[in-house]
Engineer: 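Submitted below is the structure of interest, expressed as structure tokens.
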Amino acid sequence: MELYQKTVFELSRLMNSREVSSVEVTQSFLDRIKEVEPHVRAFITHTPSMALETASLVDKKRLNGDNLHPLAGVPLAIKDNISTGGLRTTCASKILENYIPPYDATVFKLIKQVGMPLLGKTNMDEFAMGSSTENSAFFTTRNPWDLEKVPGGSSGGSAVAVSTGMAPLALGSDTGGSIRQPASFCGLYGLRPTYGRVSRYGLIAFASSLDQIGPFAMNPADCALLLELLAGHDPLDSTSYPGKVPGYVSSMEERLDGMKVGVIKHSNEKGFDPEIKDAVTKIANLLEKEGFAIDQVEMPRTDYGLGAYYLIAPSEASSNLGRYDGVRYGFNGGGDNIENMFSRTRGEGFGPEVKRRIMIGTYALSAGYYDAYYLKAMKVRTLIRQDYETAFKKFDILIGPTTPTPAFKIGEKADDPLEMYLSDICNITDALAGVPSLSVPAGMHSNNMPFGLQFTAPPFCEGRLFNVANYIYRNRDPLLPERPPASFRKGGTE
Amino acid sequence: MEYEVIIGLEVHVELHTESKLFCSCPNRFVQEPNINTCPVCLGFPGAMPQMNEEAVEQALKASLALNCEIALTSYFDRKNYFYPDMPKGYQISQYFVPIGSRGSLLIEDDLGSEKQVRIGRVHMEEDAGKLVHSISGEGSMVDYNRAGVPLVEIVTEPNLRSPGESRRYLEQLKSILQYAGVSDCKMEEGSLRCDANISLRPAGTETFGSKTELKNMNSFKAVEKSLEYEIDRQKKILDSGQEVISQTLRWEEDRQETIMMRGKLEAHDYRCFTDPELAPIKLGAEKVEEARAALPEMADAKAARYGRDYGLPPYDAGVLTASRALADYFEACLAIYDNPKVVSNWVMGELTACLNEEGQEIETCAFGPEKMAELLKMIEEQVISGKIAKEVLVKSFRGGKTPRQVVEEEGLLQISDHGELEAVVEKVLAENPDSVEKYRAGATKVIGFLVGQVMKETKGKANPQLVNELLVKKIDG
């Protein structure tokens, strides 16, 4: 088994016992990138020399006998909307194509502190607006299970990097499904933590009340380990949660006997793939055998989630993206007066989906429309939050599909924004409620594409998600492939 | 026709704090551009605002000092618009729920009776940067040092009725905010800025006329002048049967007139919504009461106390409490030398003259209250005469030495030695036989002249009382 195929815990153990060095581990992933990247194109920026430098520094520290974090020397990839000081951070947008942040995001600071080598910055939909990476201003990332399909988005690059073994871990961001949906499409674990659990300082804002940074990993334990590093209060992020970070890893094996699991009953499951619906039942049965109590749960306001989301998120985006005016940084379109410069910079710098959302948001916040759109959407959001509060009075954890279908074809929904938005239908209400949600690989579709199920817990109960995911992980079908086939085929069976 | 003048004022005041409203950059004026900046106040991607508690406390103080109702929960909202001096494409302000509302302030109306000016709201917001236009025409630069500096905006209801009322409102507002320690309120330096809305309506009617907005006034005087000008302009328009166009006008100080800045009063759509990057501002009722109790004594209360406790005439009390710095000086002086009227005379007279002459501020001048007290004590103890004291004050003020040092180094000690003075007195009497004659003939007033001569001989150092006594004794004897 190659190093790149090992779990993070295994890599950490090997490095700790000096059986391998971080340079060797890092090199293994760099080699894998060389091999796989041309097929899938997950990275916007590669940072091999930076990675090896960090790795050799960690190796030296280890030889010195320094006390190191379990993640020291474990490389990772970071979504290109997380500010990395001195290193280009593009948001997959032309407007930030050559933007080099003058400071580090808090999560990157933490990552540097423990000595995790950065392999590169991953592709995404421009400003995290999209579900397929097709909105990247640079290129579309391919789904490694079928190169004609999308990897999901917006954090598609990060999902692909981890699922193909180009990185053992990656950071993504989730505003309305941008971690969980690609995790489902690419067959790996992707967590959206509770809003406020991980500092957003330095995450280039799309919709501030919804954005959340989270990890991708190949198993629940690796995911938990990375969250443990990232979570915690940050005085630079006023919305970050001051509460203590529990030991996610240490409590992973605790038995959860008698825990109540609510199976989400979607009021409209027309677009849901029957195989995915079956998988939900199968997993529920498995959990019942493990001693969980299973029942159905209705979330009456789910239907309004998508509408509310597509008013709130664009409204915030229209404001958050106001700063890209060409005055201080980023692309400048020129012009002979201020209005001219603003409109050329923004007209040429932003892609069509970003413009669409800026326009929707600008409209929704306009005088005369604010009450009917933005304010109404915020009221719906409150009701949705109440749905969750009610559900969590009865249930300890909720389960449902991550996505209604497995990955779709590149180009299939590119011309139909509404169809594209619907692919996040299962992810949006969690985001509006601010609750944590983990996508867990749940099997293979008969078309040979992976798909995930999603577990949702009350705020700040990520530990519970890892525990349940661990049951699934331990009981996974040993015959099903964990990684995409090495051949990187095009066109799977339908 | 007779018109009623309707004026409302919007005042922006820079809060006195260590750091900016949402980052730790210093809130201090510096010449060099873009020195006090960071990713937050420059609006870099991903940077987030952090709340400055001190600014909230200052805004709370301002609201309380202006008798506002305090919102125990208020929010920061985004006001979206594009301008190069606005780094984020939006200004963080309080749109929906201001920290203070429904306040008031007392002034004198034009007839001298008390009038309550109603204040609609007091809200916090961040300042913008400054555009610097090159004269040679090679474009404009932006200085973001001021971006993110905490402000409060204080908006009156439209219930000011004349330019004079408006000026008095501003003076009173400045005094209150200075006393509360909220801001230095220097309009010339931009730490207080005022825009005015003004309209006219036929006397006795209820409907408001179309208003204009006046900007670019750099002093209270300019606010008054610009309003006078605008009243006149609007009157002429209305008298000729035309309508006043709603527009923004710019006061041109050099030409003493308003000129059009923006054609129509642009109806901006700022698309305000609550900033999702900041938590609500929560103030406990207890904290508000603490802040209220901790408010310092304001000018009016202080002036009344000066009259009551120190027996100062209203004029003195008014002058001394006109600024908090002056009142603080007076009180500090009084704490060492307890003679209110004497201190008042010297502070209002000699010291103020010195400050004006040297162009200095009372809070930073070298002649602190302890020096003033020392000087006045020396007069009382007859170490120096009052006349010499004036000289000593000027020298101490300029050179920074204590009054005692000045007196000692320059040999200005008062001559109270009988023997020494007797010799001079005799000399003066011998030189002025006419005056002695007159005195003896009953014109006792000439004694003043003779004292003056002695003082002249002694370069003002003679103890005047003693000289007087000696002269009388010699002539009568």
Side-chain angles (χ1 to χ4, degrees), chain A residues 81-83 85 89 91 95-96 99 101-106 127 199-205 207-211 234-240 312 315-316 318-330 338-339 341-343 346 361-370 374-375 378, chain B residues 21-24 34 37-53 75-92 95-96 128-129 131 133 137 139-144 147 267-282:
Chain A
N81 60 351
I82 295 173
S83 301
T89 300
C91 260
I95 216 159
L96 288 177
Y99 166 65
Y103 75 100
D104 287 335
T106 298
F127 280 99
S199 166
R200 288 184 297 119
Y201 191 80
L203 169 68
I204 299 182
S208 312
S209 74
L210 294 153
D211 296 342
D234 177 10
L236 296 179
D237 174 357
S238 310
T239 63
S240 83
I312 293 167
S315 292
E316 292 182 17
S318 72
S319 170
N320 281 331
L321 272 59
R323 68 191 63 199
Y324 306 104
D325 57 8
V327 175
R328 291 160 303 279
Y329 43 75
I338 274 293
E339 284 78 20
M341 184 184 92
F342 285 165
S343 63
R346 295 169 65 80
T362 304
Y363 187 85
L365 288 173
S366 293
Y369 298 100
Y370 176 88
Y374 181 77
L375 197 64
M378 290 298 274
Chain B
L21 187 49
F22 298 118
C23 61
S24 51
N34 297 311
T37 56
C38 72
V40 176
C41 58
L42 286 176
F44 267 72
M48 297 171 70
Q50 298 102 42
M51 186 85 103
N52 177 350
E53 295 293 339
Y75 306 86
F76 276 116
D77 308 303
R78 294 185 182 182
K79 197 172 156 183
N80 295 287
Y81 66 95
F82 291 103
Y83 204 64
D85 66 3
M86 207 66 245
K88 298 183 294 295
Y90 57 84
Q91 181 193 28
I92 304 179
Y95 176 77
F96 295 104
L131 284 188
H133 304 285
S140 301
M141 314 288 267
V142 203
D143 176 5
Y144 291 108
H268 282 290
D269 186 352
Y270 292 118
R271 307 185 309 279
C272 293
F273 71 107
T274 299
D275 194 323
E277 293 187 339
L278 284 160
I281 306 155
K282 297 211 189 242

Engineer: Using a cut-off of under 4.5 Å on heavy-atom pairs, state which of B:Ser140, B:Gly89, B:Gly43 scores highest against chain A.
Structural biologist: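 Sorted descending by pairs with chain A, the first entry is B:Gly43.
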Engineer: Which bit of A:Leu203 is near chain B, if near means a heavy-atom gap under 4.5 Å: side chain, backbone, both or neither?
Structural biologist: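 For A:Leu203, backbone heavy atoms alone lie under 4.5 Å from chain B.
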Engineer: Among residues at least two apart in sequence or on other chains, which ones pass side-chain contact (heavy atoms from CB on, under 4.5 Å) with A:Ser315?
Structural biologist: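 A:Ser315 satisfies side-chain contact (heavy atoms from CB on, under 4.5 Å) with A:Ala364, A:Leu365, A:Tyr374 only.
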Engineer: Give, as side chain, backbone, both or neither, the part of B:Phe82 having an atom under 4.5 angstrom from any heavy atom of chain A.
Structural biologist: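 For B:Phe82, heavy atoms of backbone and side chain both lie under 4.5 Å from chain A.
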Engineer: I'd like to know which of B:Ala47, B:Ala279, B:Cys272 tops the heavy-atom pair count under 4.5 Å against chain A.
Structural biologist: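 Ranked by contacts with chain A, first place is B:Ala47.
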Engineer: Considering only heavy atoms, which portion of A:Ala367 lies under 4.5 Å from any heavy atom of chain B: side chain, backbone, both, or neither?
Structural biologist: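 Both backbone and side chain.
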Engineer: Does any heavy atom of chain A fall under 4.5 Å from the side chain of B:Tyr270, the backbone, both, or neither of them?
Structural biologist: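 Contact with chain A is absent: no heavy atom of B:Tyr270 under 4.5 Å.
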Engineer: Given side chains that start at C-beta, do those of A:Arg328 and B:Pro87 come closer than 4.5 Å, heavy atoms only?
Structural biologist: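 A side-chain contact exists here, since the closest heavy-atom pair is under 4.5 Å.
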Engineer: Which bit of A:Thr362 is near chain B, if near means a heavy-atom gap under 4.5 Å: side chain, backbone, both or neither?
Structural biologist: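 Interface part for A:Thr362: both.
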Engineer: Side chain, backbone, both or neither: which part of A:Asn320 has an atom under 4.5 Å from a heavy atom of chain B?
Structural biologist: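 Its backbone and side chain both get close to chain B.
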Engineer: Checking B:Cys38 against chain A: side chain, backbone, both or neither under 4.5 Å from a heavy atom?
Structural biologist: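 Neither part; nothing is under 4.5 Å.
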Engineer: Looking at side-chain heavy atoms only, is the closest gap between A:Leu236 and B:Gln50 below 4.5 Å?
Structural biologist: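 Yes, at least one pair of side-chain atoms sits under 4.5 Å.
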Engineer: Whether the side chain of B:Arg78 engages the backbone of A:Ser319 through a donor-acceptor N/O pair (distance < 3.5 Å, no angle test) should be reported.
Structural biologist: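 Between the backbone of A:Ser319 and the side chain of B:Arg78 there is no qualifying donor-acceptor contact (under 3.5 Å).
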Engineer: Is A:Ser318 close to B:Asn80 at the side-chain level, that is, under 4.5 Å between some pair of heavy atoms?
Structural biologist: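 A side-chain contact under 4.5 Å is absent here.
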Engineer: Main chain of A:Ser366, side chain of B:Asp269: is a donor-acceptor contact present, judged purely on distance under 3.5 Å?
Structural biologist: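 Answer holds: no.
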Engineer: Pick from B:Tyr90, B:Tyr144, B:Tyr81, B:Phe44: which one has the most heavy-atom pairs with chain A under 4.5 Å?
Structural biologist: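 The candidate making the most pairs under 4.5 Å is B:Phe44.
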Engineer: Quick check on A:Tyr201 against chain B: is it the side chain, the backbone, both or neither that has a heavy atom closer than 4.5 Å?
Structural biologist: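 Contact with chain B: backbone and side chain both.
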Engineer: Examine whether an atom of B:Pro39 lies under 4.5 Å from a heavy atom of chain A, and if so say whether it belongs to the side chain, the backbone or both; otherwise answer neither.
Structural biologist: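 Contact with chain A is through the side chain of B:Pro39 alone.
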